[in-house]
Amino acid sequence: MAGEVDLLFYAITTLSLLFSLGVVVAIVYFAVKYRRNSRADRTGAALIHGSLKLELSWIIIPLFLALGIFLWSAWLYFRLYTPPADSFDIYVTGKQWMWKFQHPTGQREINTLHVPVNRPIRLIMTSQDVIHSFYVPAFRIKQDVIPGRVTVAWFEATETGDFHLFCAEYCGSLHSEMIGQVIVMDPSDYEAWLGGAGTVAVGPGESLAEGGELLFNRLGCSGCHRPDGTGVGPSLVGVFGSQVKLESGEVVTADEAYMVDSILNPNAQIVAGYDPIMPTFEGVVDEQELLRLVAYLKSIGQEAETTEEGGDQGTQP
Ligand code: CUA
């Protein structure tokens with residue numbers, strides 16, 4: 001996307017320069033022409049009492065220019081902020097003052113993110129303390145990372161190499177040290193890196209979703225959210241990615257943000273047919289555990305289900 005963002009940026013800059021140039025030239029020209037004691041004609045024939053043509057042109061031309069910029073920017077913006085369906089998920093936690101990354105296969109790293117080249121990468125991000133901002137200038141992405149919320153950004157690196165990662169939101173005394181790098185690798189190198197030394201897995205041979213499943217059982221979630229739907233809470237099998245009907249009559253999409261909201265603030269959105277009895281897990285699970293739980297709920301979500309058993313429980317609350 002970098003080339004497209006730059007093209008838009010240069011187009012707007014060029015347009016601004018052209019208009020600024022026109023204004024400056026007019027200022028200088030009139031300042032000289034009508035300076036004090038100049039012999040310019042200030043009355044009579046040179047006086048214009050309005051021109052419909054002139055007025056219409058300075059309304060209509062800028063109108064179309066501005067609308068053109070708006071449409072162009074909006075078209076680019078929606079593509080910049082809509083991750084492709086086949087993207088590869090990385091879980092990001094910001095905290096004072098470091099970036100923590102968790103790969104779906106369980107590898108964890110700090111301030112360095114290894115990714116394969118030519119593959120859309122989706123970042124599922126949250127913060128452990130204050131607002132941070134995930135900023136990789138080379139990829140032209142910047143996204144706030146907010147405590148108690150999940151935000152998403154994506155990129156597809158088209159070249160291998162190391163790229164700077166910054167925190168772009170003032171987050172405390174060591175904000176300027178909250179930096180790192182994104183290392184873009186050939187897919188084969190990335191596979192080797194995933195299996196190699198220098199990385200820390202969540203547990204021995206444990207993927208992110210498996211780590212989440214352990215937590216799901218340990219925290220007692222599985223007691224109420226039984227897979228067969230006989231618990232006091234709704235079954236969560238096949239829920240991720242589906243439309244959930246709420247007690248309020250509203251229908252929401254069960255995405256990452258919904259899952260996190262439901263864990264931290266369970267009574268805000270009650271699933272239709274259930275009682276508001278779930279306690280909050282705010283302060284009980286930390287952000288990295290939260291993302292692990294989300295990874296697990298995703299693994300038992302709609303897509304996983306249809307590939308596993310071909311079952312059709314998509315409408316289940
Ligand atoms: Cu984190 Cu600035």
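When a ligand or atom number is given, it counts from 1 through the structure's own listing order.
Around CD of E55, the count of heavy atoms belonging to other residues, nucleotides or ligands within 6.0 Å exceeds 12.
The tally of protein N/O/S atoms under 2.8 Å from atom 1 (Cu) of ligand 1 stands at 4.
The side chain to side chain contact (heavy atoms under 4.5 Å, CB included) search around P120 returns P84, D86, S87, W154, E156, not counting sequence neighbours.
Between V284 and E289, the shortest heavy-atom distance links the atoms O-OE1, 4.0 Å. Heavy atoms only, all atoms of each residue included: S73 and L8 are closest at OG-CD2, 3.7 Å.
With respect to Q181, the side chain to side chain contact (heavy atoms under 4.5 Å, CB included) criterion is satisfied by exactly one of L113, T112, L165: T112.
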Step by step, work out the side chain to side chain donor-acceptor pair (under 3.5 Å) result for H103 and E109.
CA-CA 9 Å; H103 294 254; E109 43 185 342; 2.7 Å; yes
